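All ligand and atom numbering here is 1-based and tracks the order in the structure. Computed from a prediction, not measured in an experiment: that's the story for all the values here.
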Amino acid sequence: MNEADRMSETQVLKENLRNYGKLLEEIGGEVWELKLSPIKEKVDKDFAKYSFNYEENMMLNFGESIHEEDLENINEKLERFIDCNDDKLEIVYRVKDDNNHSKWVYSRGIKVYDKKGNLEKIIGIRSDITEKVVMKEALFKLSHFDPLTNLPNKEKLKEDFSRLRNQKNIDNLAFLFIDIDDFKHVNNVLGYGYGDEFLKKFAEFLKHEFSPDNLIGRLSADEFLVIFTNYKDIISLEGRIDKLLRDLRKKNFLLNTDFKLSASIGYSIYKINGSDFDTLLRYANTALHYSKSKGKSQFVRYSDKLGEYAFSQADMLNQIRIAIERNEFIVYFQPIVHTINEEIFGYEALVRWVHPHRGMISPGQFIPIAEASGQMVDIEKIVIEECFRRLKLLRKLNPDMKYVSINLSARGIIERNIIKFLERLILKYDVDPKFIEFEVTESSLLNNIEWTIETLDKIKEMGFKLSLDDFGTGYSSLNYLKNLPFDKVKLDKSFIDNIAYDERDHLMVKSIIELSHRLGLLVVGEGVETKSQRDLLYILECDFIQGYYYGKPQPIDI
Ligand code: C2E
Ligand code: CA
Ligand code: CA
């Protein structure tokens with residue numbers, strides 16, 4: 001190679017270096033080098049031991065020091081990297097500069113050998129990952145901690161519990177489900193600011209009582225869980241719970257007020273009532289509800305007898321009351337399709353109860369109880385208001401949509417003064433009543449018939465539509481059809497189920513449709529699941545179709 005060639009080669013190298021420098025700067029990377037020197041005395045026949053001083057070497061360029069807590073880890077990783085045949089080094093650690101600013105860095109390195117094949121140094125590149133780490137921590141915090149009280153949430157408790165369970169020395173363990181009695185009064189009487197303040201103080205109190213040996217978390221608004229460990233026996237556990245409830249009654253959490261509250265507790269025992277988190281939580285919750293049904297400021301231990309109570313009327317009633325307070329009722333919408341063009345014509349609103357521990361509970365399970373206890377009025381009000389609120393959105397999603405249809409039950413709002421409620425909602429949500437339909441069943445009409453007819457007439461006068469639900473399952477349907485101001489009838493699923501096979505059902509459906517049309521009523525076929533059912537209804541000139549064939553009830557997004 002002559003002089004000129006060597007010159008140009010140097011220039012190319014310099015140019016390359018400049019480019020790599022720029023590239024590194026651009027991606028925020030920094031280069032480091034760790035020189036190694038073999039320790040002569042310790043050389044054995046296969047490999048040499050090396051000494052290194054990473055503090056000196058590695059950080060020299062950056063004027064930083066490594067966080068004390070990470071030193072050991074770095075040391076270990078480096079030694080392992082040098083001694084083993086790994087060809088890539090990867091470490092994450094924290095560094096601090098002279099001003100005590102710390103950051104997270106991610107370093108990668110490779111080994112460099114000299115001409116004789118001895119390990120000479122490690123060279124590497126590092127990048128600042130502080131932002132990513134902070135973001136990850138924030139995400140972890142958000143998904144594992146309750147922002148108001150800073151207590152772990154249910155997910156985190158579940159993780160911590162499974163870790164705890166794997167430790168051998170857990171003797172006694174109980175799930176204490178704690179619920180503040182009448183907490184909604186704090187919010188209602190003093191306002192949400194005080195409510196939040198109270199919850200924070202309450203959380204502090206629990207921490208003070210149970211940290212650090214036990215797990216504490218917040219499950220929902222005023223529900224807390226303590227996973228209590230290593231107590232001596234049931235007597236000492238119950239003694240502790242009893243003292244806790246007594247202390248609470250005496251405490252005044254809110255300054256400048258004389259507000260005093262109490263709490264109720266239900267508890268379940270690990271290995272006796274169950275071994276997994278969900279079971280223990282569910283049983284503790286059942287015990288809590290039982291405790292609440294007996295009065296305030298008490299505690300109850302779960303037993304199998306309570307399992308039956310969980311499915312009993314009394315518990316359901318209690319739970320419905322809580323669900324109304326906590327907005328656990330949500331509304332699903334099921335499309336009602338135009339038979340000829342198969343486009344969505346309307347939606348039926350169907351209530352769903354999303355119970356925090358039992359999951360989705362179907363209307364069939366709670367409506368009869370809610371009707372009997374008078375709670376149906378409140379549930380129906382929630383559904384009606386939700387439909388008014390969502391109407392604009394539904395119409396935006398589907399501009400051709402003509403109505404949302406809402407169920408009114410026998411013992412629900414129809415018995416109270418629904419008219420004023422509806423008038424208020426029309427103004428509040430600026431809704432044209434022609435977009436809302438109400439469905440009533442024949443059995444609703446049997447109760448208090450005169451009052452009901454009067455109410456339905458008024459509803460109709462206001463411009464709402466009306467339909468007769470579950471048609472064909474009742475008694476004197478034809479009379480109602482003639483005398484009441486209905487716009488539509490809804491043919492019950494039990495007819496539709498068999499129209500493809502059963503000649504009589506087929507005939508019934510045919511004549512109901514013909515008769516309804518003659519009376520100027522439109523017909524909706526309900527519970528249509530198959531194409532053959534749809535095709536038959538098409539031939540029979542049924543106007544609209546509702547059923548899983550076109551779509552299940554679903555929530556709509558905000
Ligand atoms: P419904 O008014 O007869 O409502 C139709 C029921 O049939 C709904 O059950 C719906 O999910 C179901 N369904 C619809 N298409 C199909 C299908 O193709 N196959 C099958 N197997 N089922 C289908 P859901 O939602 O469980 O409601 C049950 C009953 O609870 C309703 O019967 C209604 O009487 C009552 N209900 C539901 N929501 C409310 C509400 O907000 N207020 C009042 N008062 N009652 C409600
Ligand atoms: Ca219905
Ligand atoms: Ca129906």
**Prompt:** Below 4.0 Å from any atom of ligand 1, is there a heavy atom belonging to Gly364?
**Reply:** no

**Prompt:** Of all the non-hydrogen atoms in the protein, which one sits nearest to atom 36 (N) of ligand 1, and at what distance?
**Reply:** Ile367 CD1, 3.5 Å

**Item:** NZ/NE/NH1/NH2 to OD/OE distance under 4.0 Å, Lys510 and Glu514
**Value:** yes

**Complete:** If you scan protein heavy atoms around atom 19 (N) of ligand 1, the nearest is Glu529 OE2, 2.5 Å

**Fill in**
Near the Ca ion (ligand 3), meaning under 3.0 Å, the protein N/O/S atoms are Asp469 OD1, Asp470 OD1, Glu526 OE1, Glu526 OE2

**Item:** Glu348, Gln546, Glu380: member with heavy atom nearest to atom 44 (N) of ligand 1
**Value:** Glu380

**Request:** Would you check if the side chain of Arg165 reaches a backbone N or O of Ser275 as a donor-acceptor pair within less than 3.5 Å?
**Result:** yes

**Request:** Just jot down the side-chain hydrogen bond (donor to acceptor under 3.5 Å, both in side chains) partners of Ser467, sequence neighbours excluded, or say none.
**Result:** Glu437

**Fill in**
Note: OE2(Glu348)-the Ca ion (ligand 2)-OD1(Asn407) angle, rounded to 10 degrees, equals 90°

**Message:** With the threshold set strictly below 4.0 angstrom, can you tell me whether any protein non-hydrogen atom sits that near atom 21 (N) of ligand 1?
**Reply:** yes

**Prompt:** Does the protein put a heavy atom less than 4.0 Å from atom 15 (N) of ligand 1?
**Reply:** yes

**Prompt:** How does Ile379 reach ligand 1, by side chain, by backbone, by both or by neither, if only non-hydrogen atoms under 4.0 Å count?
**Reply:** neither

**Asked** Nearest to atom 12 (C) of ligand 1, what protein heavy atom do you find, and at what distance?
**Response** Tyr548 OH, 4.4 Å

**Fill in**
Among Ile384, Asn407, Ile406, Val377, the residue with a heavy atom nearest to atom 33 (C) of ligand 1 is Asn407

**Asked** Is the shortest heavy-atom distance from the side chain of Leu157 to the side chain of Leu219 under 4.5 Å?
**Response** yes

**Item:** Reference residue Phe175; test ring-ring contact (aromatic ring centres under 6.0 Å, His included); the match among Tyr267, Phe224, Phe161
**Value:** Phe161

